[in-house]
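Some notes on the structure that comes next.
Order of the sequence lines fixes the chain letters, A, B, ..., with proteins taken first and strands second; residue numbering starts at 1 for each chain.
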Amino acid sequence: MGASIKDPKKKCIFVVGPTASGKSAWALEMARKYNGSIVNIDSVQFYKGLLIGSAAPTEAEKMQAPHYLYSYVDAPREMTAGEYLKDFYALTQTDIKFPLFIVGGTGFYIQALEKGMFNVEPIPEHFRKDIEEELASKGPGDLFDELMLKDPNSKIHINDHYRLVRAIEIIRYTGQIPSELKANPETNKNEFAFDYIKVGFNFEKNVFEGNVKSRTEKMIEAGIVEETLGFKNQGFENWAPLNSVGYKETLKYLREGKSQQWLSEAITQSTMKLIKKQKTWFRRDNTILWSNQSDSLSVFLS
RNA sequence: GGCUCGGUAGCUCAGUUGGUAGAGCAGAGGAUUGAAAAUCCUUGUGUCGGCGGUUCAAUUCCGUCCCGAGCCA
């Protein structure tokens, strides 16, 4: 990585956009056409067994082009953006066929890959647990004061406990200041190692609504309930990925004995909310080439 | 037919001992550096079921009617 010259034969295409926008189908078609590979960058499709609810590619689809980083993380392991970067770059050291179509709607991971992440040494789990206990017993006030004292430029809100704990963890364990790490090119310059473009997919809300409704019905027919129940029965109810759209609602359905109609409406609604958040994420990225300009792909790959 | 309890924001409901009302959810916008499909922030005027009455003032009290649920005939 770093300042090394990029290999002109190794090109990547980020295929981004909200869920249910048709990214995967297009990527598959292009991977076949250009004899490339598909790499997952969806934060739920990493996990083994979360297939129906995450709308992961089917076996039939996977046979049409090489697919990587799908269904490879076993419960109860939980992925992180940092581990994803390692896995991704390890993959590029193999004889994987370029161009790589990197497909997914997880803006945070896309950003991590594209812009890099500052390097923080691994922090032992108990260290965070202690901070979380402090938060639970005394509330966020003291931790927030500590953050403001050490990192006055931090934009973290006092109620955003997850980010607050993470920031305090970095400050206390490493002595480093998160917003300085982020702003300093010395600590944060590991940008993407290959030539790339980003192709985006999107629709108007009403189009998504129709797509999402039928997609939800298909998920229920295909057995999202059974899939979820399998993890629940193995004691993985608190596994973070099961707190994602589709699984979250199914767990509630199982726990509270809701109707199937409730399930269908709940998943559809959550999915629409997800789409809205994804749109917000991608809206600010003015380097995305929207799919109606997709001839830019052939230009890029020529 | 009688009695009881309800009828308040798109939904579920709170509240006003009379001075025209507020939460959660949904919706809209935004943030996002190792959980991210997560987490967090901002954003709430609605004939307070209709009509009359009492009152300086009624969504709040009284009467009446309509609608819903339950109980008794």
Same-atom distance (C1') from B:rU33 to B:rU42, integer angstrom: 23 Å

Kindly write out the residues that satisfy salt bridge (Lys or Arg N to Asp or Glu O under 4.0 Å) with A:D130, not counting sequence neighbours, or none if the list is empty. none

For residues 119-128 of chain A, the side chain to side chain donor-acceptor pair (under 3.5 Å) pairs (sequence neighbours left out) are A:E125-A:K129

Heavy-atom closest pair, residues A:N188 and A:L181: CB-O, 3.4 Å

Got a sec, which residues hit side-chain hydrogen bond (donor to acceptor under 3.5 Å, both in side chains) with A:K115, two or more places apart in sequence or on another chain? none

Within the 4.0 Å heavy-atom criterion, would you say A:G246 contacts the bases, only the backbone, or no part of the nucleic acid? nothing

Could you work out the separation of B:rU4 and B:rG22 based on their P atoms and round it to a whole Å? 33 Å

Take atom C1' in B:rA14 and the same atom in B:rU59, then report the distance between them in whole Å. 14 Å

Distance between the C1' atoms of B:rU8 and B:rG15, in whole angstroms? 9 Å

Applying side chain to side chain donor-acceptor pair (under 3.5 Å), run through A:Y72 and A:D87 and close with a yes or a no. CA-CA 11 Å; A:Y72 76 106; A:D87 291 347; 2.7 Å; yes

Could you work out, with side-chain hydrogen bond (donor to acceptor under 3.5 Å, both in side chains) as the rule, every residue matching A:Y247, not counting sequence neighbours? A:E227

Measure the distance from CZ on A:F236 to P on B:rA35 and round it to the nearest whole Å. 19 Å

Taken to the nearest whole Å, CD1/A:I131 to P/B:rA35 is 13 Å

Under 3.5 Å, side chain of A:D151 to main-chain N/O of A:I177, donor-acceptor pair present? no

In residues 108-130 of chain A, which ones come under 4.0 Å of RNA chain B, going by heavy atoms? A:F108, A:Y109, A:G116, A:M117, A:F118, A:N119, A:V120

Taking every non-hydrogen atom, the tightest pair across A:I110 and A:G104: CD1-O, 3.6 Å

Tell me which residues in residues 266-285 of chain A lie within less than 4.0 Å of RNA chain B, going by non-hydrogen atoms. A:Q269, A:K273, A:L274, A:K276, A:K277, A:T280, A:W281, A:R283, A:R284

Take atom P in B:rA35 and the same atom in B:rC25, then report the distance between them in whole Å. 25 Å

How many whole angstroms separate atom NZ of A:K248 from atom C1' of B:rA35? 13 Å

Between atom CE in A:M219 and atom P in B:rA37, what is the gap in whole Å? 14 Å

To the nearest 0.5 Å, how far apart are CG in A:D160 and CZ in A:F144? 10.5 Å

Sorted by position of nearest nucleotide on RNA chain B, 5' first, the leading residue of A:G105 and A:K182 is A:K182

In chain order, what residues pass the salt bridge (Lys or Arg N to Asp or Glu O under 4.0 Å) check against A:K11, with sequence neighbours excluded? none

Going by number, which of residues 144-167 of chain A have a non-hydrogen atom under 4.0 Å from RNA chain B? A:H157, A:N159, A:D160, A:Y162, A:R163, A:R166

Residues forming a side-chain hydrogen bond (donor to acceptor under 3.5 Å, both in side chains) with A:T92, sequence neighbours excluded: none

A:Y84 atom OH is separated from B:rA35 atom C1', nearest whole Å, by 17 Å

Between B:rG27 and B:rU12, how far apart are the C1' atoms? Round to whole Å, please. 16 Å

Stem ranges of RNA chain B by first residue number, counting only runs of at least 3 Watson-Crick or G-U pairs under 3.5 Å, come to B:1-7 with B:66-72, B:10-13 with B:22-25, B:27-31 with B:39-43, B:49-53 with B:61-65

Considering only side-chain heavy atoms of A:N243, which listed nucleotide, B:rU39, B:rA28, B:rA37, is closest? B:rU39

Kindly say if A:T19 contacts the phosphate of B:rA37, meaning a side-chain N or O under 4.0 Å from OP1 or OP2. no

Under the side-chain hydrogen bond (donor to acceptor under 3.5 Å, both in side chains) rule, collect the residues that match up with A:E29, sequence neighbours excluded. none

Within 45 degrees of the ring normal and closer than 6.0 Å to the centroid, is that where the cationic atom of A:R283 sits relative to A:W281? no

A:K86 NZ to B:rU33 P: how many Å, rounded? 19 Å

Please determine, by modelled atom types, if A:T271 and A:R215 share a side-chain donor-acceptor pair under 3.5 angstrom. no

Just to be sure I understand the rule, does A:T106 reach a base, reach only the sugar-phosphate, or reach nothing, if contact means heavy atoms closer than 4.0 Å? sugar-phosphate

Between CZ of A:F46 and C1' of B:rA37 the distance, given in whole Å, is 12 Å

Using the C1' atom on both, measure B:rU16 against B:rC61 and round to a whole Å. 13 Å

Distance between C1' atoms of B:rU43 and B:rG7 (Å, rounded): 28 Å

With side chain to side chain donor-acceptor pair (under 3.5 Å) as the rule and sequence neighbours excluded, what pairs involving residues 52-69 of chain A come up? A:R32-A:Q64, A:T58-A:E61

Interatomic distance where CH2 belongs to A:W239 and C1' belongs to B:rA37 [whole Å]: 13 Å

